[in-house]
Structure formats: structure tokens, C-alpha cells
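So the structure is just underneath, and the comments pick up after that.
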Amino acid sequence: QVQLMESGGGLVQAGGSLRLSCAASGSIFRLNVMGWYRQAPGKQRELVAVLTSGGATTYTDSVKGRFAISGRNAANAVYLQMNSLKPEDTAVYYCAAQRTIPPKGWDYAMNYWGKGTLVTVSS
């Protein structure tokens with residue numbers, strides 16, 4: 001089993017920055033995909049950013065150029081640097097992971113999830 005723990009959420013004014021952290025523990029061997037999802041009030045959970053062990057990254061269009069995902073070489077931690085935050089970024093942000101890298105064009109199927117950290121952006 002894998003345990004994921006997020007930190008770094010909080011209240012920030014529009015235009016500000018936050019850095020989210022996710023620490024993985026437990027059976028992290030061959031944990032090749034880690035990423036971030038978010039869920040705003042009344043909205044569906046959506047992908048924010050994903051990082052694979054090979055270094056490939058994926059971002060949802062709404063955060064491209066503003067957010068950056070990174071991780072340790074050991075793949076036991078992943079970070080999300082969030083810049084130029086907007087009120088519409090307000091959501092609970094979840095760290096997620098899966099063992100395998102899906103083939104190109106296939107969806108992610110995250111098996112492990114953190115409990116979330118709240119990001120609130122005020123205007």
C-alpha cells in the first residue's frame with residue numbers, strides 16, 4: 001500500500017503563489033506516476049498536472065504557464081509550484097499516484113490518493 005500526504009495549502013491573494021508538497025510512504029517501489037488533481041465546490045475532480053518517472057509532464061490547459069510539477073529522483077515526493085493564482089484555482093488539491101505509465105493516448109488510473117489540501121485564492 002502507498003500513503004500520500006499533502007501539505008502547503010492555504011489562503012492567498014490573486015496573483016500570489018503557493019507551493020504544494022506531497023510525500024509518499026509505504027510501498028513506493030515502481031511508483032512511476034505521481035500527480036495533482038483538484039476539486040472545486042460543485043465541480044468534478046479534474047487533472048491538474050502529472051509527472052512520470054521518465055520526466056514527462058502533463059498539465060491541464062488552464063494552468064499551463066502558471067503551474068509547474070516537479071519531484072525527487074527517488075519518486076517519493078512531488079511538488080506543485082503555483083504562480084499567478086486566480087480565484088478560479090480555489091479547490092481542494094489532491095496528490096495521486098499509480099504504478100505504471102499508461103500508453104500514449106490512454107487515461108491515467110490513479111490507485112492512490114491523499115486526503116487533500118485546501119487552496120483558497122481571494123480577489
Side-chain angles (χ1 to χ4, degrees):
Q1 189 61 262
V2 172
Q3 294 81 44
L4 304 175
M5 180 67 71
E6 306 97 335
S7 62
L11 175 65
V12 65
Q13 293 188 147
S17 298
L18 284 174
R19 188 175 193 242
L20 305 183
S21 299
C22 175
S25 61
S27 184
I28 62 172
F29 182 64
R30 294 178 180 174
L31 189 66
N32 288 309
V33 182
M34 297 186 72
W36 294 91
Y37 287 70
R38 67 185 180 186
Q39 187 167 23
K43 304 292 185 180
Q44 295 280 80
R45 184 176 62 193
E46 67 169 345
L47 173 72
V48 178
V50 172
L51 173 69
T52 72
S53 59
T57 59
T58 301
Y59 298 93
T60 191
D61 287 344
S62 63
V63 307
K64 288 180 179 177
R66 299 189 298 119
F67 291 9
I69 188 170
S70 61
R72 295 179 189 161
N73 291 335
N76 62 347
V78 66
Y79 308 93
L80 186 68
Q81 179 66 46
M82 305 186 294
N83 299 321
S84 302
L85 283 162
K86 305 174 181 179
E88 51 262 44
D89 295 318
T90 295
V92 176
Y93 284 71
Y94 297 91
C95 182
Q98 66 185 63
R99 299 285 184 186
T100 60
I101 300 173
K104 185 177 180 180
W106 289 43
D107 292 337
Y108 296 103
M110 301 295 194
N111 304 112
Y112 309 105
W113 296 85
K115 294 182 178 180
T117 185
L118 177 63
V119 172
T120 303
V121 184
S122 62
S123 59

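Fair warning: this is a prediction, and the values are worked out from it, not measured in the lab.
When all heavy atoms of R19 and S70 are compared, the pair lying nearest together is NH2-OG, 4.2 Å. Among all heavy-atom pairs drawn from A14 and P87, the shortest one is CB-CD, 4.1 Å. Nearest approach of T100 to Q98, heavy atoms of both residues: O-NE2, 2.8 Å. For the pair N83 and S17, the tightest heavy-atom approach, listed with the atom from each and the gap, is OD1-OG, 2.9 Å. Residues L18 and L85 approach most closely at N-CD1, 3.9 Å, considering heavy atoms. A97 and L4 get closest at one heavy-atom pair: N-CD1, 3.9 Å.
How far CD of E88 is from OG of S62: 8.5 Å, rounded to the nearest 0.5 Å. Taking CZ from R99 and CG from L31, the interatomic distance works out to 5.5 Å, rounded to the nearest 0.5 Å. Of the inter-residue distances, the one linking M5 atom CE with C95 atom SG reads 10.5 Å to the nearest 0.5 angstrom. Remark: N32 CG to I101 CD1 distance equals 5.0 Å, nearest 0.5 Å. Atom OH of residue Y37 and atom CE of residue M110 lie 4.0 Å apart, to the nearest 0.5 angstrom. How far CE of M34 is from CG of L51: 8.5 Å, rounded to the nearest 0.5 Å.
Under the 4.5 Å side-chain contact rule for hydrophobic residues, V121 and W36 share a cluster. Under the 4.5 Å side-chain heavy-atom criterion for Ile, Leu, Val, Met, Phe, Trp and Tyr, V78 and L20 are members of the same hydrophobic cluster. Using a 4.5 Å cut-off between side-chain heavy atoms of Ile, Leu, Val, Met, Phe, Trp and Tyr, with links allowed through other members, V119 and Y79 fall into different hydrophobic clusters. Residues L80 and Y94 are members of separate hydrophobic clusters, defined by side-chain heavy-atom contacts under 4.5 angstrom among Ile, Leu, Val, Met, Phe, Trp and Tyr. Taken together through direct or relayed side-chain contacts under 4.5 Å among Ile, Leu, Val, Met, Phe, Trp and Tyr, I28 and W113 form parts of separate hydrophobic clusters.
The aromatic rings of F67 and Y93 sit tilted, their planes meeting at an angle between 30° and 60°.
Under 4.0 Å is where a charged nitrogen must lie from a carboxylate oxygen, and between E46 and R38 at least one such pair does. We find that K86 and D89 are not joined by a salt bridge, their nearest charged nitrogen and carboxylate oxygen being 4.0 Å or further apart.
Although no hydrogens or angles enter the test, the distance criterion places a donor-acceptor pair under 3.5 Å between the side chain of Y59 and the main chain of I69. Proximity of a side-chain donor or acceptor of Q39 to a complementary backbone N or O of A91 within less than 3.5 Å is not detected.
Residues T120 and L11 form a side-chain contact, since some pair of their non-hydrogen atoms from C-beta on lies under 4.5 Å apart.
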Do Q13 and S122 pass the side chain to side chain contact (heavy atoms under 4.5 Å, CB included) test, and can you show the C-alpha distance, the side-chain angles, and the key distance before you say yes or no?
CA-CA 5 Å; Q13 293 188 147; S122 62; 3.8 Å; yes
